[in-house]
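Each remark here refers to the structure printed beneath this line.
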Amino acid sequence: MAFIRHLTPSEAPKLEAHLLRLHPEDRRMRFGGGSLSDTAVIAYCRSINWPASVQIGYFVKGELRGVAQLAVPEGAWPLLPGLPVAGDRIGAEFAISVERDFQRRGIGQALLQRAVIAARNRNVGSLTMFCLPSNERMRR
């Protein structure tokens, strides 16, 4: 059974395990090139600002197999107090990772759709994704 839902900060170890399971080429694509060591992936996971980000996970049999990560600049969200006006819209960065055995099944697209909804619900006016020119699937 597979499902998509938001991750909680207590699930940081699941996110870390997912990113560590990525095939070396997929890890390179996810983090924009180079060879990211396990130690660097762990440091990245521990540096995530959970209150200012959204992690959306794709689970299969309780195991995290794909993630959309949405992050806004520090201090930009949440916009409080009251409702923001159109001029207050902010930009956010997103990234998607799907483990190799689960790719080419529409999971990345489903995660992206959920990330867009999460961004809209948080008054994000623009999404930015940085990817390598060779990452054709993400560019599509």
Side-chain angles (χ1 to χ4, degrees):
M1 179 176 178
F3 57 92
I4 295 175
R5 68 169 174 78
H6 287 240
L7 276 68
T8 64
S10 66
E11 294 176 300
K14 290 182 181 186
L15 175 59
E16 183 177 293
H18 160 70
L19 293 173
L20 288 171
R21 280 193 303 269
L22 290 177
H23 182 277
E25 179 64 12
D26 297 329
R27 190 186 290 188
R28 187 178 80 77
M29 293 289 190
R30 163 57 186 86
F31 290 100
S35 175
L36 203 64
S37 69
D38 288 356
T39 302
V41 169
I42 292 166
Y44 165 79
C45 289
R46 293 182 182 166
S47 73
I48 292 173
N49 182 355
W50 285 81
S53 64
V54 177
Q55 319 296 321
I56 303 167
Y58 176 81
F59 289 84
V60 178
K61 298 179 182 175
E63 196 76 36
L64 183 61
R65 299 298 186 177
V67 176
Q69 297 176 278
L70 178 67
V72 298
E74 192 167 333
W77 177 78
L79 297 172
L80 298 173
L83 297 174
V85 297
D88 292 336
R89 293 179 71 88
I90 55 175
E93 183 180 332
F94 76 96
I96 295 176
S97 56
V98 177
E99 293 176 26
R100 188 152 283 202
D101 289 346
F102 297 89
Q103 293 178 6
R104 299 185 188 276
R105 298 182 189 182
I107 296 166
Q109 183 176 3
L111 288 167
L112 174 59
Q113 289 171 344
R114 293 288 288 267
V116 168
I117 291 168
R120 285 181 183 153
N121 289 342
R122 288 158 178 81
N123 202 44
V124 171
S126 64
L127 288 173
T128 303
M129 180 205 54
F130 298 100
C131 73
L132 298 172
S134 59
N135 194 344
E136 292 180 26
R137 285 184 285 165
M138 281 305 293
R139 291 177 51 210
R140 270 188 257 132

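Owing to the predicted nature of the structure, the values given are computational and were not obtained by experimental measurement. Basis for what follows: all heavy atoms, side chains included, without hydrogens, waters or symmetry-related copies.
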Next on the checklist: The criterion is ring-ring contact (aromatic ring centres under 6.0 Å, His included); which residues satisfy it with Phe102, sequence neighbours excluded?
Outcome noted: none
Go through the structure and list residues passing side chain to side chain contact (heavy atoms under 4.5 Å, CB included) with [X], not counting sequence neighbours.
X: Ser37; value: Thr39, Ala40
X: Ala2; value: Tyr58, Val60
X: Leu112; value: Phe94, Ile96, Val116
X: Ala119; value: Leu70, Val124, Leu127

Item to check | Residue pairs fulfilling side chain to side chain donor-acceptor pair (under 3.5 Å) with at least one residue in residues 105-116, sequence neighbours excluded | outcome: none
Donor-acceptor contacts under 3.5 Å from residues 9-16 side chains, at least two apart:
| unit_1 | atom_1 | unit_2 | atom_2 | d |
| --- | --- | --- | --- | --- |
| Ser10 | OG | Thr8 | OG1 | 2.9 |
| Glu11 | OE1 | Arg5 | NH1 | 3.0 |
| Glu11 | OE1 | Thr8 | N | 2.9 |
| Glu11 | OE1 | Thr8 | OG1 | 3.4 |
| Glu11 | OE2 | Arg5 | NH1 | 3.3 |
| Glu11 | OE2 | Arg5 | NH2 | 2.5 |

Next on the checklist: Is any side-chain heavy atom of Leu36 closer than 4.5 Å to one of Leu19?
Outcome noted: no
Item to check | Any Ile107 side-chain heavy atom under 4.5 Å of Arg65 side chain | outcome: no
Item to check | Pairwise ring-ring contact (aromatic ring centres under 6.0 Å, His included) hits with a residue in residues 3-34, at least two apart | outcome: Phe3-Phe59, Phe31-Tyr44
Next on the checklist: With a 3.5 Å distance limit and no angle check, can you tell me whether Gln55 reaches the backbone of Val67 through a side-chain donor-acceptor pair?
Outcome noted: no
Next on the checklist: Strictly by salt bridge (charged side-chain N to carboxylate O under 4.0 Å, His left out), give each pair with a member in residues 52-62 just once, sequence neighbours left out.
Outcome noted: none
